[in-house]
Amino acid sequence: MTDQTIIAVVAMAGAALTMALGAIGAAIGESRIGAAAMDALARQPDEASSITRTLFVSLAMVESTAIFCLVIALILLFANPFTAVVGG
Amino acid sequence: MHLRIFGDPVVFQIGPIPITETMITSTVVSMVLLVLAVVLVNSVRTRPDHWISVIAFLVVETFDNMVKDIIGRRHAVVATLSASMFLFIAACNLAGQLPGVHPATGSLATTSALAAVVFLSVPIAGIQTNGLWNYIKHYFRPNPLLMPLHVISELSRTLALAVRLFGNVMSGHLVVGLLVALAGFLVPTPIMALDLLIGLLQAYIFAILSIVYIGAAISAGTE
Amino acid sequence: MSATLATFLFESANFLVLAAALGWLFFKPVRQALADHRNKFEADNRLAADKLAEATRMQQEIQTTKDALQLELQEFRTKEMELAQQKAQQIVAEARGQAEREREARRREAAQMSDTQRDTLAEVSAAAAADTVGRLLTQIGGPDLQSALINSACVQLREISSGEIAPVKIESKEPLSDDQIALLRSALGSSADATDFRVDEGLGDGVRITTGKGLIDASVRGLVQYASQSLIKEMGLRANHHNRLQHAGDDYST
């Protein structure tokens, strides 16, 4: 087992772990945001446009963490600075 | 197949300046947008009751109202900037659905450029509205110790803007590419539809966030 | 120059140029057109509001005029009613007054009629009474009556002849006898010398003595006259006091 192989294995495991944990956190956060937005919409239907806009912005904010995780995972997999060979 | 995630392939060089594929795509998109704008304005001038004119009115009025809702007053420059951002990003994302075209917003350089524009617009708008001293003072509120946090927040949100857009568009494009490579015909269609939705949504979020950031700077001195 | 940096710079410049071009070519004219539309709409709205206000004002005016007219009509009606009532009252009062006057006239007429009747009646009855008394005295007549009358005259003479009563004039139907003259002279007392004796055929039995102090009539004619006069007087007095005839007139008029 060469160093490159170890690095590749660790990078793959790290990418999987990053994606999994990041997705879990983002999913929980987004579900809570959605529930809160539903509650607010049911309470104040007149404020629907404002609530919807805030909902989208909040979803994007939270989802951006998952996207960060995805980017990190992709970097680990495809643009790993420690591997000599870029996979593809 | 070739997966393109980071970096832009250079098509040709003009002197010392490399011309990348992203540059060409965004230029074409900009030209299309300008042509569309001219057509719409022509329609507004000649046939104000036509549905094409109504689309133009709708776009302008929607963004003006959005700016008014978020900032608290009408601001033509911010509205123009954010609306241009929305139109450009949405057009790039939609263009990514065309076969053989890599979306310009799928390049980290493009999204960083857009985020940098927002990042620079924030202090410009704040200083223009509140004056230099008032704008600088707001970094030291409520406590001078929080100044590094303000700066880090501004930097990180700019980074978040760039990476969010880039990650969404690029991952969507990547997934479609993988599905095309694995399953072929018609299977990636639902994912492409989702990609359309996400592309429009990200453009909307980018525009909204730019308005929010610039609006926060505009109303910073009046707190 | 790296490809990424070149792309970054180009994209920034591209976006700024695009935003400026869109703002100049697209947003500015469209905003202008929107503002024009809005202004036109607002002007139309204001015009409509003005027209609505004018219509409301006109309606109010009409309402006011209607109210005033109704009020005037009401007033006019009330006034007319009052006038009519007054006129009716006046007519009723006039009619009542006329009726009153007529009744009064009729009553007066009736009273007058009854007065005349009464006078006539009194006269007639007095005449009848006098006639009866005269006839009675004539039937009684003769020397006894003559002497009785002279005696009563003497009694009266004696009552008034305490002082000077001359001149004295004594009238009789036929010349008095000496006894009678002596009786009278004694009654006259001191004034007896200036006594003038005369004869009056219409006098009937008895004597009439005219003195300086008064008239003593003890003749049949004088008695008859006195009786009739006193009867008439008595009847007039009675009628005035008891108003019997007037009551009769009232009953007639109502």
- prompt: When heavy-atom pairs shorter than 4.5 Å are enumerated against chain B, which of C:L16, C:N14, C:T4 gives the highest number?
  reply: C:N14
- prompt: Can you name the closest pair of heavy atoms from C:A33 and B:F57 and give their distance?
  reply: CB-CE2, 3.8 Å
Chain C interface, residue from B:T111, B:V41, B:L36 that has the most non-hydrogen pairs under 4.5 Å: B:V41
field: C:Q98 atom CD: more than 12 heavy-atom contacts under 6.0 Å
entry: no
- prompt: Name the one of B:L40, B:L58, B:V60 that satisfies side chain to side chain contact (heavy atoms under 4.5 Å, CB included) with C:V30?
  reply: B:V60
- prompt: B:L114 versus chain C, heavy atoms under 4.5 Å apart: side chain, backbone, both or neither?
  reply: side chain
query: Looking only at heavy atoms, what is the nearest atom pair of C:F8 and B:A109, with distance?
result: CD1-O, 3.5 Å
query: Relative to chain C, which segment of B:L87 carries a heavy atom at a distance below 4.5 Å: side chain, backbone, both, or neither?
result: side chain
- prompt: For C:E11, which of B:S112, B:S26, B:S107 qualifies under side-chain hydrogen bond (donor to acceptor under 3.5 Å, both in side chains)?
  reply: B:S26
message: Would you compute the distance between atom CZ of C:R31 and atom CZ of B:F63 and round it to the nearest 0.5 angstrom?
response: 11.0 Å
- prompt: Between B:S84 and C:F27, what is the shortest heavy-atom contact and its length?
  reply: OG-CE1, 4.0 Å
message: If I compare all heavy atoms of C:A3 with all of B:P18, which pair ends up nearest, and what's the gap?
response: CA-CG, 3.9 Å
Between B:T20 and C:T7, a side-chain donor and acceptor under 3.5 Å: yes
statement: Distance col, row B:S53:OG vs C:H37:NE2, nearest 0.5 angstrom, shows 8.5 Å
task: Might you work through the side chain to side chain contact (heavy atoms under 4.5 Å, CB included) test for B:I19 and C:F10, ending with a clear yes or no?
output: CA-CA 9 Å; B:I19 300 300; C:F10 177 81; over 6 Å; no
- prompt: Taking everything shown except B:R45 itself, do over 12 heavy atoms lie less than 6.0 Å from its CZ?
  reply: no
task: Measure B:A116 against the heavy atoms of chain C and call it side chain, backbone, both or neither at under 4.5 Å.
output: side chain
- prompt: CD of B:Q128: more than 12 outside heavy atoms within 6.0 angstrom?
  reply: no
- prompt: Closest heavy-atom contact between C:G23 and B:T80?
  reply: CA-CG2, 3.5 Å
statement: Turns out that what part of B:M85 lies under 4.5 Å from chain C's heavy atoms comes down to both
message: Which one wins on heavy-atom pair count under 4.5 Å against chain C: B:L33, B:V59, B:L34, B:V77?
response: B:L34
- prompt: Where do B:L81 and C:F15 land on the side chain to side chain contact (heavy atoms under 4.5 Å, CB included) test, with the steps shown first?
  reply: CA-CA 10 Å; B:L81 191 74; C:F15 175 74; 4.0 Å; yes
